[in-house]
Amino acid sequence: EGSIEENDAHPFYPNDFALAKDQEIWISQSNHSIGRLHKEGYKTYRFSNTIKAQKLAIQEDVNGGIWVLSPLEGLFFFNTATDSFEKKLNIGNGNVLMIHKDDLLIGSDALRVYKLKGNRVQLDKTIAMEDDQVSAIHVDHNEEYIVGTRKGKLFKFSDLNSPPQTIYGANEAHRVEELDFGHINEIYVTTDSISKKNKLWVSSETGLWLLHQRFFKTVENLPLNNPIGIAMGDQGKAWVPMNYLYEISPENDEFSAQPIYNNLQANAVAQDIAG
């Protein structure tokens, strides 16, 4: 149960939360404080006093440590021995916090990557953002980092040692364009249960976006001629007459073709019920 009046007994205008491994719930509150809901009850941990609504980012590391990023004051770590938050890094305008394995990422006017060493952090690298602010970070199932910005840029890092790749959208094959996300708030990746393909969700000021992978793929080893017919068969195979008859087979996430009956010129192809 929450409260519209500030007190230390109930959550006050929650705007984010994290569920810890021990089932405690850590709540970011709009008055620049953190609430902790556990079996003994509820407790509030206050940061600086401010009349401006703030969103504190909360993350748990692999050892169960709780980290909080304040846009006003920097990075904090919760000390269980003293039951208080200790400042670990003085950084301003921190918009987003992400912990993955031993990497701690802070998004602000740049993407800053730190290495976690217990309850300490050590700067590993800084990835510049050109006149922009990082506003969202997500790690997908393939451990690729997807980063969004306040100006609506969307980047993918295959790893943090590789340069970013811009994610574009296009309505046709011969036009590449940036999508009009606006300020990106959150990014999430799900896996389709049927196709096993990843789907990228983007929440931004212009709405909720769903980005699909490309709809069409070329077929390996298939000549760039115009096919004059096609027949679909069992086991996901297909046959196409293109002078010779080509058999197309699925291979992992791609398709490949090989010529069969290359001693004849085929005009049409069909498969009967017996295969």
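What you see is a predicted model; the values in this text were computed from it and never measured.
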Check the side chains of N243 and Q265 for a donor-acceptor pair under 3.5 angstrom, ignoring hydrogens and angles.
yes

Give a yes-or-no answer on whether the side chains of S204 and N185 include a donor-acceptor pair shorter than 3.5 Å.
no

Tell me whether E144 at atom CD has more than 12 heavy atoms from other residues, nucleotides or ligands lying less than 6.0 Å away.
yes

What do you reckon, is CG of D131 surrounded by more than 12 foreign heavy atoms closer than 6.0 Å?
no

Could you check whether any side-chain heavy atom of H32 comes within less than 4.5 Å of a side-chain heavy atom of L56, counting everything from C-beta outward?
yes

Taking salt bridge (Lys or Arg N to Asp or Glu O under 4.0 Å) as the definition, give me every residue that meets it alongside D61, ordered by chain and number, with sequence neighbours left out.
none

Sorted by chain and number, sequence neighbours left out, salt bridge (Lys or Arg N to Asp or Glu O under 4.0 Å) with K87 holds for none

Do you reckon I167 sits in the same ILVMFWY cluster as V189, going by side-chain contacts under 4.5 Å, direct or chained?
yes

Sort out for me which residue in F76, F78, F77 forms a ring pair (Phe, Tyr, Trp, His ring centres under 6.0 Å) with F85.
F78

Taking atom OH of Y13 and atom OG of S3, what is their separation to the nearest 0.5 Å?
9.0 Å

Kindly determine whether N95 and S108 satisfy side-chain hydrogen bond (donor to acceptor under 3.5 Å, both in side chains), including the steps that lead there.
CA-CA 5 Å; N95 305 312; S108 58; 6.0 Å; no

D140 and K156 ion-paired at < 4.0 Å
no

Carboxylate-amine/guanidinium proximity below 4.0 Å for K101 and E143
yes

Mind checking whether Y188 and H138 have parallel, tilted or perpendicular rings, split at 30° and 60°?
tilted

Partners of I58 by side chain to side chain contact (heavy atoms under 4.5 Å, CB included), sequence neighbours excluded?
A18, W26, S28, I34, I66, V68

Pair Y42 and H10, ring centroids less than 6.0 Å apart
no

